[in-house]
Amino acid sequence: MSTTTISRMQDEAKALARERDAVILAHNYQVPEVQDVADYVGDSLGLSREAAATDAEAIVFCGVHFMAETAAILSPDKTVLIPDLDAGCSLAASITADQLREWKAKHPGAVVVSYVNTTAEVKAESDYCCTSGNAKAVIEAIAPEQEILFLPDMFLGIWLERVTGRKLTIWLGECHVHAGIRPEDVERWQADAPDAELLVHPECGCASQCMAFGNERTHILSTEGMINFAKASSKQRFLVATETGIIHRLNKEAPGKRFEAVSERAICKYMKMITLEKLRDSLRDWKHVVTVDAEVAARARGAIDRMVAIS
Ligand code: SF4
């Protein structure tokens with residue numbers, strides 16, 4: 001797409017959003033031209049907070065489906081739109097509510113902590129929700145003798161065991177994008193760029209190894225944590241182990257510093273289903289509305305509220 005077409009479509013999207021009293025929220029993994037037209041860009045936790053706080057009539061969620069569902073749970077009186085209904089998440093799809101009910105039945109009395117990358121129905125079966133930004137605080141708030149079922153991301157679960165010293169019962173789910181970032185990718189980069197700081201998302205297949213064998217230049221962070229770290233750091237060069245969309249935001253927020261993706265293959269095809277054109281059409285044609293059954297939403301909200309009360 002030419003820059004003229006991009007800027008025309010961005011103007012159209014902005015005008016439609018104003019006309020229809022809609023706020024545009026975009027995840028850090030969205031394509032640059034969508035990030036640039038959004039009213040707010042952030043990670044799951046930040047976007048949830050914005051969704052809950054906005055005064056706008058509608059929220060257009062440029063992210064994946066479970067995120068739009070979370071916005072609908074937090075803002076039941078607002079219309080929530082997603083520009084492409086097929087924007088799913090392989091991690092959220094790794095456990096269904098039926099599978100969780102079966103797992104709970106095998107572990108009576110256990111507390112269920114669900115990462116935010118889950119469907120509304122799975123959240124409704126959970127005691128606590130968490131994001132990568134507050135998962136440690138959530139686990140530490142639960143009584144030490146209490147069994148915890150943690151789902152669905154096994155790499156995040158293993159990392160949490162290491163940082164909290166707690167034994168967790170972990171669901172063996174993974175995100176195909178982050179699981180694909182391997183220790184070899186990190187080793188190759190660390191050899192090539194020994195002066196760089198390494199920023200690693202805890203969902204990565206390399207996270208627990210990076211932590212075990214890393215050095216003072218290795219930092220395991222949520223995406224928002226990466227942004228804050230890069231802005232505050234006096235260092236100039238950073239290797240980034242997460243979905244590559246974050247590089248655009250890092251370049252904008254910390255101009256003049258150098259950011260490189262540890263793996264150029266770390267691209268989420270679901271996040272990239274949201275295009276500027278689909279965003280414009282979504283606002284123009286008022287599609288696709290995301291709703292959550294009221295009873296499921298009320299139970300899911302309980303898990304989210306318990307998370308917010310801790311972090
Ligand atoms: S990067 Fe992974 S966890 Fe994030 S939306 Fe894509 S598939 Fe889901």
Side-chain angles (χ1 to χ4, degrees), residues 25-32 34-35 38 41-48 51 61-72 80 82-96 113-123 126 129-135 150-160 170-182 185 199-208 220-227 240-250 261-275 278-279 288 290:
L25 304 184
H27 191 268
N28 287 325
Y29 299 160
Q30 289 292 294
V31 292
V34 168
Q35 288 192 31
V41 184
D43 64 359
S44 298
L45 182 60
L47 293 172
S48 301
F61 212 107
C62 300
V64 295
H65 193 265
F66 78 80
M67 296 177 176
E69 271 190 340
T70 307
V80 177
I82 189 166
D84 189 330
L85 265 181
D86 290 330
C89 167
S90 60
L91 181 55
S94 71
I95 186 164
T96 63
V113 179
S114 290
Y115 189 34
V116 70
N117 295 40
T118 45
T119 62
E121 284 203 316
V122 167
K123 286 187 182 75
S126 306
C129 196
C130 72
T131 70
S132 52
N134 62 22
F150 182 81
L151 66 106
D153 189 80
M154 64 173 161
F155 295 113
L156 181 59
I158 294 166
W159 174 73
L160 283 168
I170 300 170
W171 186 259
L172 296 182
E174 62 177 32
C175 152
H176 68 291
V177 180
H178 286 93
I181 303 176
R182 306 304 309 166
D185 295 317
L199 312 181
V200 183
H201 193 279
E203 274 175 37
C204 287
C206 60
S208 49
I220 317 277
L221 296 162
S222 65
T223 51
E224 214 53 31
M226 291 181 186
I227 308 275
V240 183
T242 189
E243 213 272 355
T244 58
I246 189 80
I247 302 280
H248 179 69
R249 177 124 188 263
L250 283 164
V262 161
S263 170
E264 288 293 344
R265 299 181 316 272
I267 295 170
C268 176
K269 65 177 180 183
Y270 302 111
M271 284 283 180
K272 270 38 179 188
M273 281 179 181
I274 309 296
T275 61
K278 287 182 199 169
L279 166 61
H288 305 273
V290 176

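We count ligands from 1, going down the list as the structure has it; atoms in each ligand are counted the same way.
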inquiry  = Using a 4.0 Å cut-off to any heavy atom of Glu203, which atoms of ligand 1 qualify?
reply    = 3 (S)

request  = Specify whether Tyr270 and His176 have parallel, tilted or perpendicular ring planes, treating 30° as the upper limit for parallel and 60° as the lower limit for perpendicular.
outcome  = perpendicular

Residue list, side chain to side chain donor-acceptor pair (under 3.5 Å) with Asn28, at least two apart or on another chain = Thr223, Glu224, Arg249

ask   = So how many protein N, O or S atoms does atom 8 (Fe) of ligand 1 have within less than 2.8 Å?
value = 1

remark   = Scanning both residues in full, the closest heavy-atom pair of His248 with Gln35 reads CD2-OE1, 3.5 Å

ask   = Counting from 1, what ligand 1 atoms have a heavy atom of His176 closer than 4.0 Å?
value = 7 (S)

task = Go through the structure and list residues passing side chain to side chain donor-acceptor pair (under 3.5 Å) with Glu243, not counting sequence neighbours.
result = Lys272

ask   = Just how far is it from atom NZ of Lys123 to atom OG1 of Thr118, taken to the nearest 0.5 Å?
value = 3.5 Å

inquiry  = Using side-chain heavy atoms (C-beta onward) and a distance below 4.5 Å, is Ile227 in contact with Ile246?
reply    = yes

task = Output all residues satisfying side chain to side chain donor-acceptor pair (under 3.5 Å) with Ser126, sequence neighbours left out; order by chain, then residue number.
result = Ser114

